[in-house]
Q: 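Structure in structure tokens, see below.
In the text below, chain A, chain B and the rest are named by the order of the sequence lines, each starting its count at 1.
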Number of protein chains: 4
Amino acid sequence: MNLSPTERRLLLRRVLAGTQCVSPAAVYDPISARIAQEVGYQLGMLAGSEASNATLTAPDLVVITLSELAALTRGIMRACDLSVIVDGDHGYGNALNVMRTMQELEHAGASCVTIEDLALPRPFGSAVQSSKLVSIEEMTGKLRAAVAARTDPALVVTARVAGLRVEGTEGTAARARAYAETGVDAIFITRLETLDEIEAIHGSAELPIIVGRAPERLKREELLERGGRVLLQGHLPLQAAVRALHESYRRQWNTANGDELMT
Amino acid sequence: MNLSPTERRLLLRRVLAGTQCVSPAAVYDPISARIAQEVGYQLGMLAGSEASNATLTAPDLVVITLSELAALTRGIMRACDLSVIVDGDHGYGNALNVMRTMQELEHAGASCVTIEDLALPRPFGSAVQSSKLVSIEEMTGKLRAAVAARTDPALVVTARVAGLRVEGTEGTAARARAYAETGVDAIFITRLETLDEIEAIHGSAELPIIVGRAPERLKREELLERGGRVLLQGHLPLQAAVRALHESYRRQWNTANGDELMT
Amino acid sequence: MNLSPTERRLLLRRVLAGTQCVSPAAVYDPISARIAQEVGYQLGMLAGSEASNATLTAPDLVVITLSELAALTRGIMRACDLSVIVDGDHGYGNALNVMRTMQELEHAGASCVTIEDLALPRPFGSAVQSSKLVSIEEMTGKLRAAVAARTDPALVVTARVAGLRVEGTEGTAARARAYAETGVDAIFITRLETLDEIEAIHGSAELPIIVGRAPERLKREELLERGGRVLLQGHLPLQAAVRALHESYRRQWNTANGDELMT
Amino acid sequence: MNLSPTERRLLLRRVLAGTQCVSPAAVYDPISARIAQEVGYQLGMLAGSEASNATLTAPDLVVITLSELAALTRGIMRACDLSVIVDGDHGYGNALNVMRTMQELEHAGASCVTIEDLALPRPFGSAVQSSKLVSIEEMTGKLRAAVAARTDPALVVTARVAGLRVEGTEGTAARARAYAETGVDAIFITRLETLDEIEAIHGSAELPIIVGRAPERLKREELLERGGRVLLQGHLPLQAAVRALHESYRRQWNTANGDELMT
């Protein structure tokens with residue numbers, strides 16, 4: 001409403017450079033973002049899974065298009081003053097597609113775009129539970145493309161390391177180091193399990209860390225000491241809305257239509 | 001998912017030609033529509049106020065565009081098998097704009113489009129509480145345009161009479177009669193207060209009636225006897241979702257961030 | 001590509017404050033804008049008629065939606081470095097709609113938005129050749145809304161006076177004066193016939209003038225002396241493309257398919 | 001305007017089942033499609049390269065999104081009565097993405113969607129001139145997904161074999177056979193050089209062939225005898241429009257602005 005895209009990006013940069021580890025509101029559409037702001041939030045997170053759910057009621061399998069993600073981002077930014085971290089998945093293809101991802105999400109007003117090293121969409125023939133990463137060479141090329149493609153230097157570019165459970169702590173820390181050298185502003189860690197892991201990654205990358213949800217046993221203070229500046233809290237708000245909708249429709253259905261089908 | 005747009009339109013036509021007065025789920029985005037379907041609904045209603053809210057978090061003042069309404073409709077139809085009545089407001093302009101409204105909402109998959117006789121967006125100089133109707137001549141021209149513009153004959157076109165509290169029962173019944181002669185399939189009544197009103201309008205138009213919410217004292221059976229085949233139930237589901245979101249964000253805010261601002 | 005929306009707006013402001021009367025390229029899609037830039041243009045004009053043609057192959061009757069105009073504008077801005085004057089027609093409704101028009105076209109990257117005082121879309125019952133203006137009170141309200149709605153102060157807001165052939169020189173000059181007082185940056189004149197007209201309007205408004213095409217007998221130098229800073233040159237490029245396409249398809253049709261229908 | 005999507009698909013099916021080898025108009029936007037229709041065409045082709053050019057003025061490197069291609073397709077179908085073959089590239093990802101590609105392009109009104117076996121977007125580390133194909137297993141999975149995803153059985157699904165210059169005649173014919181077994185309706189051949197090639201592919205697949213441009217020495221009659229039912233003619237119309245625009249802007253530039261920059 002009042003804050004420009006650049007002002008929102010600078011707010012996020014202050015968070016990343018600050019001394020707290022804050023949690024953004026998990027927002028997924030204009031209404032949820034507006035409510036989060038009214039509650040007091042200044043920071044929001046648009047997860048890929050929630051974007052797919054809101055747009056397509058589809059699971060998180062990257063069938064949403066970049067255009068749809070950008071339109072959703074724009075709708076959210078227009079409805080609120082939050083700074084919003086947008087999950088750019090793998091950047092929707094190769095390094096050229098990453099550049100378009102940056103171009104479109106920057107135009108949509110995103111405060112931060114994350115690009116991850118998981119091979120997406122799931123390659124042909126891979127087992128459902130497996131996670132395949134792209135090579136360090138490919139990923140650093142994509143990240144350099146992302147950094148080069150932004151036109152507002154305030155826009156935060158974040159490399160998401162998805163491989164902790166695939167390549168282990170050391171391998172992931174090495175990736176984080178290589179990613180940091182491309183000029184990204186932060187590292188986003190998924191599937192964190194231990195403090196050693198964040199410590200190794202933070203020590204290696206020397207960049208602020210966004211923690212994509214951590215086990216309860218890892219305390220905010222402990223994450224903060226190891227570079228954690230943003231800590232996600234999962235998808236409870238969307239789940240609460242779904243539950244409330246279900247109950248409300250169920251109640252109205254029973255009142256109005258009984259159990260008989262209408263035709 | 002499985003039902004074609006035509007099949008959904010024919011289902012609504014069976015409801016209008018049937019012997020029950022059913023209530024659609026008030027849906028406003030893909031997620032809500034999907035949930036309504038899981039609860040058992042086969043019929044949904046996309047109100048203009050909810051479309052504005054979902055798209056822009058804006059009040060019902062017709063600042064949403066036809067393209068936005070069509071995109072929202074398409075998103076809803078893609079996510080579910082409901083037949084959906086779409087509030088086409090005034091048809092977004094003159095009779096030519098009505099034709100585009102029909103073209104776009106038909107393409108988006110709407111099962112029914114309502115066009116109303118209220119002068120929208122609010123004309124310059126009119127008092128906030130006042131309601132100004134377009135002339136019968138203009139409205140019948142718009143309705144003829146709507147009927148002519150549909151290419152799927154199964155698509156239901158509904159004339160919405162907004163003037164009960166402006167022109168009274170007799171005037172509104174006369175309008176309904178004139179509207180019926182354009183070939184529309186149903187009459188949508190807003191701001192109904194008494195059974196006499198629906199009886200007069202139904203008697204005059206000789207078309208099935210969609211009741212846009214009635215006072216509790218008017219019973220479903222009484223509306224049914226007077227032509228009522230669809231009875232809206234207001235906006236409780238959206239309100240429930242908003243409340244649930246507010247509570248969820250508030251709870252997470254208190255846990256994570258306390259009351260201090262993050263910057 | 002390289003110039004930010006603000007930089008492009010500032011370039012147009014330099015033109016308006018300058019000592020020349022320049023002609024923008026009439027652009028209507030990304031390809032035409034890119035070519036115009038390669039030819040040397042720095043300024044483009046997206047006319048309402050060309051936007052309708054490019055989007056819908058429809059005549060200039062305001063059946064295009066604001067969302068479509070914004071998407072076209074965005075596509076053009078993304079493909080080139082031109083500063084582009086965008087024809088915002090009447091602002092797509094009342095003063096609230098004008099605010100959305102500004103919001104969307106500013107986001108799309110427009111360098112200038114024109115809002116005109118013709119009653120659009122054509123009101124019910126008006127003769128095809130007639131031109132009805134909205135009242136001065138309504139128009140100044142809309143222009144104040146436009147000025148208030150921009151968030152980038154560099155964005156140029158232009159009032160388009162459409163009434164020279166309706167209300168005459170004096171009436172139009174009075175309108176231009178009233179419009180100027182709302183804080184708009186320029187006056188756009190349509191259907192100019194004589195130097196006296198532009199002189200009167202410029203003298204009254206004391207703002208730079210954009211001339212929406214003038215008869216050949218009015219020389220650029222003469223318009224410049226009377227405040228003209230931008231002079232449109234009509235729709236020749238689009239016409240040339242249409243002619244070339246027609247010839248090319250005709251030639252290929254004759255070669256490949258002869259005159260027989262394919263079914 | 002008048003023909004439904006299904007009617008247009010059936011027309012294309014009659015062409016494929018017919019006794020002629022016809023050439024579609026190469027269309028790239030609503031205006032070009034409308035002109036092609038006026039010239040007499042009933043069939044159009046929307047190439048990926050032209051879609052990228054029209055939308056982004058970008059080369060054919062799959063930086064266009066599925067949503068953009070679908071919007072362009074919809075705009076073209078709305079403006080004309082042509083049956084249009086739409087280049088769906090690789091289906092924008094894995095088999096799930098292929099399903100969305102079919103869903104979106106079917107909704108947009110495409111008469112035919114082609115899915116090709118080239119690995120797109122260009123994989124990391126591949127040489128610029130190289131062409132890498134996906135495996136037969138992956139491609140047949142994608143084609144089965146495409147066939148399963150259409151809801152209008154009249155929609156034509158075409159497998160595009162891109163590997164003639166990579167795997168040779170025999171390998172490509174074997175692929176065409178495997179692709180045919182998935183239930184696709186036609187084979188699209190790119191980079192055809194000899195009659196032996198089309199003969200081998202047609203003999204193997206036993207499906208009608210769409211020839212994506214052939215050297216002049218291969219005659220239409222000869223292609224027809226070997227299964228050719230559609231023969232593309234390249235991108236001359238777009239090139240003609242580009243040339244006409246360039247000349248028109250150049251002429252206006254010289255008249256109006258001389259060679260001096262405007263700032």
Side-chain angles (χ1 to χ4, degrees), chain A residues 11 14-15 18 20-43 53-58 68 71 75 78-80 220 231 233-234 236-253 255-257 259-263, chain B residues 11 14-15 18 20-43 53-58 68 71 75 78-80 220 231 233-234 236-253 255-257 259-263:
Chain A
L11 181 141
R14 288 196 295 276
V15 169
Q20 287 183 278
C21 178
V22 302
S23 287
V27 300
Y28 61 92
D29 68 2
I31 291 175
S32 63
R34 183 68 166 268
I35 295 170
Q37 173 174 309
E38 278 163 26
V39 162
Y41 281 97
Q42 292 177 285
L43 193 59
N53 201 331
T55 303
L56 301 169
T57 63
E68 290 169 331
R78 185 168 48 197
C80 71
R220 186 178 297 270
L231 169 63
Q233 293 184 293
L236 285 176
L238 172 53
Q239 290 164 9
V242 166
R243 201 175 315 112
L245 284 167
H246 199 279
E247 282 166 20
S248 181
Y249 286 127
R250 166 56 61 188
R251 200 173 309 119
Q252 289 201 321
W253 172 259
T255 312
N257 301 309
D259 281 329
E260 48 188 331
L261 290 178
M262 64 180 71
T263 52
Chain B
L11 181 142
R14 287 196 297 277
V15 168
Q20 286 183 280
C21 178
V22 301
S23 288
V27 298
Y28 62 91
D29 68 1
I31 291 176
S32 63
R34 183 70 166 267
I35 296 170
Q37 172 173 307
E38 278 164 24
V39 162
Y41 281 96
Q42 292 177 286
L43 194 60
N53 203 330
T55 304
L56 301 168
T57 63
E68 290 169 331
R78 185 168 47 197
C80 72
R220 188 178 295 267
L231 170 62
Q233 292 183 294
L236 285 177
L238 173 52
Q239 291 164 9
V242 166
R243 202 176 314 111
L245 283 168
H246 200 279
E247 283 167 19
S248 181
Y249 286 127
R250 166 56 62 191
R251 199 172 310 119
Q252 289 202 319
W253 172 258
T255 311
N257 302 309
D259 281 329
E260 46 189 332
L261 289 177
M262 66 180 69
T263 52

Q: Output the distance between atom CD (Glu38(B)) and atom CZ (Arg250(A)), rounded to the nearest 0.5 Å.
A: 11.0 Å
Q: From His246(A) NE2 over to Ile31(B) CD1, what is the distance, rounded to the nearest 0.5 angstrom?
A: 13.5 Å
Q: Which residue out of Ala71(B), Ser248(B), Ala240(B) racks up the most heavy-atom pairs below 4.5 Å with chain A?
A: Ser248(B)
Q: Looking only at heavy atoms, which two atoms of Pro237(B) and Tyr249(A) are closest? And how far apart?
A: CG-CE2, 3.5 Å
Q: What distance do Arg34(B) atom CZ and Asn53(A) atom CG have between them, rounded to the nearest 0.5 Å?
A: 9.0 Å
Q: Supply the atom-to-atom distance Trp253(B) CH2 to Gln233(A) CD, rounded to the nearest 0.5 angstrom.
A: 10.5 Å
Q: Does any heavy atom of chain B fall under 4.5 Å from the side chain of Gln239(A), the backbone, both, or neither of them?
A: neither
Q: My understanding is that only residues two or more places apart in sequence, or in another chain, count here; which of them pass side-chain hydrogen bond (donor to acceptor under 3.5 Å, both in side chains) with Asp29(A)?
A: Ser32(A)
Q: Heavy-atom pairs under 4.5 Å with chain A are the metric here; pick the option from Gly18(B), Ala58(B), Ala54(B) that has the most.
A: Ala54(B)
Q: Should Tyr41(B) and Gln252(A) be marked as a side-chain contact (heavy atoms from CB on, under 4.5 Å) after you check the CA-CA gap, both sets of side-chain angles, and the distance that decides it?
A: CA-CA 10 Å; Tyr41(B) 281 96; Gln252(A) 289 201 321; 3.4 Å; yes
Q: So which of Val39(A), Leu231(A), Leu56(A) has the biggest tally of heavy-atom pairs under 4.5 Å with chain B?
A: Val39(A)
Q: With Glu247(B), which residues qualify under salt bridge (charged side-chain N to carboxylate O under 4.0 Å, His left out), at least two apart?
A: none
Q: For Ala26(B), which atoms come within 4.5 Å of any heavy atom of chain A: side chain, backbone, both, or neither?
A: backbone
